[in-house]
Amino acid sequence: MKSFNEQCYFVLRKVPRGKVTTYGEIARAVGNPRAARAVGNAMNKNPHAPRLPCHRVVGSDGKMIGFASGIDKKIKILRAEGVVVEKEKIDLEKFFFRFGKL
DNA sequence: CATATGACACTAT
DNA sequence: AATAGTGCCATAT
């Protein structure tokens, strides 16, 4: 069992290209549904840098938040991944990936 | 060990 | 619908 943030990175790596997830979902995937904030904190540390697709993580409403490099950059990357971003938002109904959950 | 910080989520207004 | 306030958790100092 690795540290909490290590698990976050692990589950985040499972997110396929062209899909996105939320901090809360990651928190849930690691067993701490209330640790959404801690997840974002782990992403900020981002010790794995470009290896970690942290740009695929959005708010619970698909709202573009986070990304120290700039939301604009994040949106750009997501669009490049094939995700449709409108008004800094994403259709979770279409691009929300679930961690092997149903 | 206690305090402070932060890329969130939820509820109420 | 948008904004404000509160609660939660892990990490760093």
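Being a predicted model, the structure only gives us computed values, none of them experimental. A note on names: the letters A, B, ... follow the listed sequences, proteins ahead of strands, and every chain is numbered from 1.
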Starting from [atom2] on [N], measure out to [atom1] on [X] and report it in whole angstrom.
X	N	atom1	atom2	value
E88(A)	dA7(B)	CD	P	16 Å
F67(A)	dG6(B)	CZ	P	19 Å
M43(A)	dT5(B)	CE	C1'	17 Å
K87(A)	dA2(C)	NZ	P	11 Å

Report each atom pair, protein N/O against N/O of nucleotides 9-13 of chain C, whose distance is under 3.5 angstrom.
unit_1, atom_1, unit_2, atom_2, d
dA10(C), OP1, N32(A), ND2, 3.2
dT11(C), O3', K45(A), NZ, 2.6

Do F97(A) and V20(A) have side-chain heavy atoms sitting under 4.5 Å apart?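 No; the side chains remain at least 4.5 Å from each other.
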
With F67(A), which residues qualify under ring-ring contact (aromatic ring centres under 6.0 Å, His included), at least two apart?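 If we apply the ring-ring contact (aromatic ring centres under 6.0 Å, His included) test to F67(A), skipping adjacent residues, there are no hits.
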
The criterion is side chain to side chain contact (heavy atoms under 4.5 Å, CB included); which residues satisfy it with K89(A), sequence neighbours excluded?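 Once residues adjacent in sequence are excluded, the partners of K89(A) under the side chain to side chain contact (heavy atoms under 4.5 Å, CB included) criterion are K63(A).
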
Listed by chain and number, what are the side chain to side chain contact (heavy atoms under 4.5 Å, CB included) partners of F10(A), not counting sequence neighbours?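 With neighbours one apart ignored, the set is R13(A), K14(A).
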
Results of side chain to side chain donor-acceptor pair (under 3.5 Å) for K94(A) - residues two or more places apart only: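 K94(A): no side chain to side chain donor-acceptor pair (under 3.5 Å) contacts found.
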
Under the side chain to side chain donor-acceptor pair (under 3.5 Å) test, which residues partner E6(A), sequence neighbours left out? none

Which residue pairs satisfy the ring pair (Phe, Tyr, Trp, His ring centres under 6.0 Å) criterion with at least one member in residues 21-44 of chain A, sequence neighbours excluded?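 Checked against ring pair (Phe, Tyr, Trp, His ring centres under 6.0 Å) - neighbours excluded - no pair reaches residues 21-44 of chain A.
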
List the atom pairs, with distances to 0.1 Å, where a side-chain N or O of residues 29-53 of chain A and a protein N or O form a donor-acceptor pair under 3.5 Å, not counting sequence neighbours.
unit_1, atom_1, unit_2, atom_2, d
N46(A), OD1, A49(A), N, 3.1

Nearest 0.5 Å, what's the CG-CD distance between L12(A) and Q7(A)? 13.0 Å

In residues 56-63 of chain A, what residues come within less than 4.0 Å of DNA chain B, judged by heavy atoms?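 Those residues are G59(A), S60(A).
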
For residues 70-81 of chain A, tabulate all N or O donor-acceptor pairs below 3.5 Å that involve a side-chain atom, not counting sequence neighbours.
unit_1, atom_1, unit_2, atom_2, d
K74(A), NZ, V57(A), O, 2.3
K74(A), NZ, I65(A), O, 2.9
R79(A), NH2, V85(A), O, 3.2
E81(A), OE1, R56(A), NE, 2.9
E81(A), OE1, R56(A), NH2, 2.8

Runs of at least three consecutive Watson-Crick or G-U pairs, both distances under 3.5 Å, are what I'm after; which ones involve DNA chain B? B:2-6 with C:9-13, B:8-13 with C:2-7

